[in-house]
Amino acid sequence: DEMARYKLNKFHFHLADNGGWRIRIDAYPLLTRLGAFRTESDWLEWWSYGDRHYVPEDTPGAYGGYYTKEEIRRIVAYAAERFIEVIPEIEFPGHSDEVFAAYPELCCSGRAYTSGEFCVGNPLSLKFMDEVLTEVLELFPSKYIHIGGDEADRTAWKSCPRCRHLARELGGVDQVQCYLVEHAEKFLAEHGRTMIGWDEILKNNLRSTSTVISYRGQRGGIEAANRGYDVVMSPGEILYFDWYQADPSTQPRAMYGYSPIKKMYAFEPVPADPESAARNESIIRAEFVDPAAVEPIRADRADRIVGVQGCTWAEYIEDEEQQEYMIFPRLLAVAELAWTPQEKREWCDFKVRMNSHIPLLQQRGLNTFTLSDEVEITTRIRSGNRAVEVTLDCEKYPAEIRYTLDGTPPTPDASLY
Ligand code: ACM
Ligand code: ZN
């Protein structure tokens with residue numbers, strides 16, 4: 001409902017990850033029976049400090065869940081009524097620990113809890129991919145199907161006889177992943193769909209129809225556009241909703257980082273000139289980057305940027321209230337990135353409007369973050385006249401900001417900014 005209201009028209013549904021398998025697959029019933037529940041809800045207690053084990057579906061006190069096919073159909077239909085396309089993602093070849101809790105023969109060692117990557121040298125892994133994607137295609141009529149592709153570790157492949165053999169045949173261990181991605185791309189193309197994947201898939205010589213999501217900054221997106229692929233910009237350093245949106249000491253536990261709404265709003269999804277590419281890069285790296293040091297998207301490839309996306313990773317999100325808190329109001333900034341051209345995007349203008357939406361979000365029952373009253377201080381040295389210009393800004397509007405110039409803490413009687 002909120003996506004439709006704010007004119008966001010693609011819902012990327014991340015259905016499998018090492019947190020749990022979340023969609024019923026008839027050909028592989030153990031995925032949801034053995035890979036969808038775990039001993040702990042708290043991510044740190046489970047993954048980082050705990051036993052990192054999955055438990056069977058009916059285990060008392062287990063945390064987890066999955067969508068039935070009927071539920072998926074209802075979600076897809078509900079979205080379609082609102083002109084939203086649901087794009088499913090099944091992760092290959094990494095982020096798949098939960099698969100091997102159910103089908104250990106699909107990882108290199110044949111034992112669960114030894115690695116998170118599929119054994120690409122095992123034909124059963126390709127069969128799994130085809131059969132799972134076949135059921136996914138039946139449920140999701142979307143043009144795009146996302147096959148993951150991110151953060152696969154090569155360690156298990158290097159010591160697996162099957163994967164080593166494949167790597168030798170193909171010319172290197174990197175090619176092991178490329179082989180699987182090419183298989184997915186071909187399979188989806190044969191079924192009339194477009195493959196979409198995280199920016200690691202650029203290691204492949206992709207079909208011109210495949211689409212790349214740039215999540216490790218903007219560089220993959222710029223490279224992909226310049227190589228002629230469609231691109232969705234979602235740099236994690238800027239557009240991940242699981243990053244802190246205000247001073248972490250004032251916030252519930254989040255993933256890490258610092259991405260307040262003003263930072264999100266400053267992103268330029270189509271960095272087709274050196275200045276905007278450098279501005280993006282400065283935000284991503286949190287340091288000044290010279291325009292001469294960044295390659296932008298070539299002007300004739302700017303139309304390759306087909307979208308911009310915010311991602312709500314749920315490791316540190318335990319319930320819907322917390323999810324709403326992390327998404328809102330930052331989603332409003334992402335919507336404007338998607339629809340408003342850079343030259344019409346103005347923080348001071350957006351700031352007023354987003355503040356006016358906070359009570360509206362609340363009236364609709366959303367547990368939105370209500371914006372920070374931290375004051376941002378920006379200083380700029382004016383060349384020539386040896387003056388320093390100081391700007392104070394605050395997310396909240398209207399805001400009364402008081403200041404002193406003698407180093408003493410401001411009181412309510414101090415000068416009004
Ligand atoms: C990702 O953040 N690994 C897509
Ligand atoms: Zn292997």
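Heavy atoms only: backbone and side chains are in, while hydrogens, waters and symmetry mates are out. Order of appearance sets the numbers: ligands from 1, and atoms from 1 within every ligand.
Counting heavy atoms of neighbouring residues, nucleotides and ligands inside a 6.0 Å radius, atom CZ of R111 does not exceed 12 of them.
Here the side chains of Q342 and R279 are in contact, with some heavy-atom distance below 4.5 Å.
Listed as neighbours of ligand 1 are D150, E151, W198, Y215, Y240, W313, each bearing a heavy atom under 4.0 Å from the ligand.
When the options E268, E281, E237 are evaluated for a side chain to side chain donor-acceptor pair (under 3.5 Å) with Q218, the one that passes is E281.
In terms of modelled atom types and a separation under 3.5 Å, the side chain of D393 and the main chain of E376 share no donor-acceptor contact.
With sequence neighbours excluded, the residues that form a side-chain contact (heavy atoms from CB on, under 4.5 Å) with K186 are E190, R207. Applying the salt bridge (charged side-chain N to carboxylate O under 4.0 Å, His left out) rule to E395 yields no partners; only residues at least two apart in sequence or on another chain are considered.
Ion pair D174/R154 flagged as a salt bridge, since at least one NZ, NE, NH1 or NH2 atom sits closer than 4.0 Å to an Asp/Glu carboxylate oxygen. D349 and R353 are joined by a salt bridge, as a carboxylate oxygen and a charged side-chain nitrogen come within less than 4.0 angstrom of each other. No salt bridge links R52 with D97; every basic N to acidic carboxylate O contact stays at or beyond 4.0 Å.
Excluding waters, the count of protein N/O/S atoms less than 2.8 Å from the Zn ion (ligand 2) comes to 4.
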